[in-house]
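Heads up: the structure comes next, in structure tokens.
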Amino acid sequence: MLIRTSPRWALPESEATPESLYLDRRALLAGMGVAGAALAAPAMASTDVKQLAALKSRRTHSAGEDPTPLLAVASYNNFYEFGLGKDDPAANAHTLKPSPWGVRIGGLVKKPFVLDVDRYISQAALEERVYRMRCVEGWSMVIPWLGVPLSTLVAFVEPLSSAKYVRFTTLADRKQMPKIGFPTLDWPYREGLRMDEAMHPLTLLTVGLYGRRLPNQNGAPIRLVVPWKYGFKSIKSLVAIDFVEQQPLTSWNQSAPREYGFYSNVNPAVDHPRWSQATERRIGEFGKRDTLPFNGYAAEVAGLYRGMDLKRNF
Ligand SMILES: Nc1nc2c(c(=O)[nH]1)N[C@H]1C(S)=C(S)[C@@H](COP(=O)(O)O)O[C@H]1N2
Ligand SMILES: [Mo]
């Protein structure tokens with residue numbers, strides 16, 4: 001019989017009160033059984049830079065294209081919790097405190113636990129993956145992410161056979177997120193994937209970019225990256241990952257169901273009701289490029305949707 005030993009970044013669910021994760025950072029710390037001093041932010045920052053820099057050699061995916069400059073990646077963002085303008089997140093996200101941070105992973109699983117992100121970053125086998133990213137608004141970037149396939153985490157929690165979907169939830173804290181008080185979306189920001197999409201090897205649980213920890217405006221300290229779907233599926237600053245039976249409500253689908261479907265696969269043949277999706281502007285380039293089916297990842301992911309009508313399931 002195979003005996004599993006827990007990695008040190010895993011803490012049993014019973015050691016943390018789920019509510020405390022959303023409501024009280026001191027309770028979160030206590031719940032994780034971690035002394036506050038051990039997680040002092042400046043100390044973490046310097047070790048992180050070294051650890052993450054060492055990972056640059058472990059590049060496992062290349063987009064075959066030059067990455068978009070870091071300056072653009074970290075200053076042209078969508079993160080509505082910090083404002084609606086593309087430059088708002090870079091200007092406002094300094095109020096987000098990405099450390100310490102816990103992600104509650106539970107729902108229909110055998111082994112729920114709370115992920116201590118700082119420990120995870122220092123111990124997980126991070127990979128650098130250069131992925132093309134395509135926003136539903138028609139712009140795109142090429143970003144060298146650092147992360148671990150979500151599937152490794154899924155395997156660790158042992159989902160029950162009744163788990164058919166995964167629901168992701170962003171932090172919703174008015175103190176750290178100045179625009180949470182505005183009803184632009186139904187907060188907290190939520191997203192979802194079908195189980196096979198979550199298990200796909202391209203789906204990355206991401207903690208860094210360009211060899212460093214995620215800038216706050218890019219979804220620090222931990223976010224999802226799903227490169228064959230429109231950018232809004234790549235949910236930022238995660239506090240919960242839940243395995244569920246029914247297709248979960250997602251924030252954009254809920255706010256404008258005619259415009260944003262559950263699947264949101266990049267598809268040049270299916271227009272957004274108010275604009276074409278056939279072309280895109282790569283940030284830093286003039287002119288337009290053709291948008292590719294599944295954002296150029298069709299060879300890897302088209303099989304997930306065989307037999308589905310992608311005009312109906314947009
Ligand atoms: N919590 C949260 N996640 C989010 C968003 C958001 O507003 N809130 N915007 C999404 C959209 S529309 C895009 S295009 C990408 C942008 O990611 P980037 O700023 O790292 O390029 O984040 C996605 N994740
Ligand atoms: Mo987007």
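Remember, it's 1-based here, ligands and their atoms both numbered in the order they're listed.
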| query | Below 6.0 angstrom between ring centroids: does that apply to W228 and H200? | reply | yes
| said: How far is atom 6 (C) of ligand 1 from the closest protein heavy atom, and which atom is that? | reply: Y189 CE1, 3.2 Å
| message | Whether R167 and E191 form a salt bridge (side-chain N of Lys/Arg under 4.0 Å from carboxylate O of Asp/Glu) is what I want to check. | response | no
| query | Hey, which atoms in ligand 1 end up nearer than 4.0 Å to a heavy atom of T170? | reply | 1 (N)
| Short list, please: which atoms of ligand 1 are under 4.0 Å from a heavy atom of F79? | 1 (N), 2 (C), 6 (C), 7 (O), 8 (N)
| query | Any idea which atoms of ligand 1 are less than 4.0 Å away from a heavy-atom of C135? | reply | 14 (S)
| remark: ligand 1 to N218, heavy atom cutoff 4.0 Å, flagged ligand atoms 18 (P), 19 (O), 20 (O)
| Nearest protein heavy atom with distance in Å, relative to atom 15 (C) of ligand 1 | G231 O, 3.6 Å
| query | Where's the contact between Y80 and ligand 1, heavy-atom distance under 4.0 Å: side chain, backbone, both or neither? | reply | both
| query | Identify the closest protein heavy atom to atom 24 (N) of ligand 1: which residue and atom is it, and at what distance? | reply | S234 O, 2.9 Å
| Exceeds 12 heavy-atom contacts within 6.0 angstrom, atom CG of D66 | no
| Shortest heavy-atom approach to atom 3 (N) of ligand 1 - which of M177, R134, M141, K236 | K236
| request: Run the salt-bridge test on E158 and K111 with the 4.0 Å N-O cut-off and return the result as yes or no. | output: yes
| note | In this structure, atom 8 (N) of ligand 1 is nearest to the protein heavy atom E81 OE1, 2.8 Å
| said: Taking the ring centre of each residue, are F294 and Y305 less than 6.0 Å apart? | reply: yes
| query | Side chain, backbone, both or neither: which part of R223 comes within less than 4.0 Å of ligand 1 when only heavy atoms are counted? | reply | side chain
| field | Stepwise ring-ring contact (aromatic ring centres under 6.0 Å, His included) test for F232 and Y260 | value | CA-CA 9 Å; F232 63 89; Y260 311 105; 5.4 Å; yes
| Test item: side-chain donor near acceptor, D186 and Q254, under 3.5 Å | yes
| task | Report the part of N77 (side chain from C-beta onward, or backbone N, CA, C, O) that has a heavy atom under 4.0 Å from ligand 1; answer both or neither where that applies. | result | both
| message | For atom 9 (N) of ligand 1, what is the closest protein heavy atom, and at what distance to 0.1 Å? | response | N78 O, 3.2 Å
| Residues in side-chain contact (heavy atoms from CB on, under 4.5 Å) with E137, at least two apart? | N78, K86, C135, W139
| remark: So the side chain to side chain donor-acceptor pair (under 3.5 Å) pairs with at least one residue in residues 216-227 (sequence neighbours excluded) are none
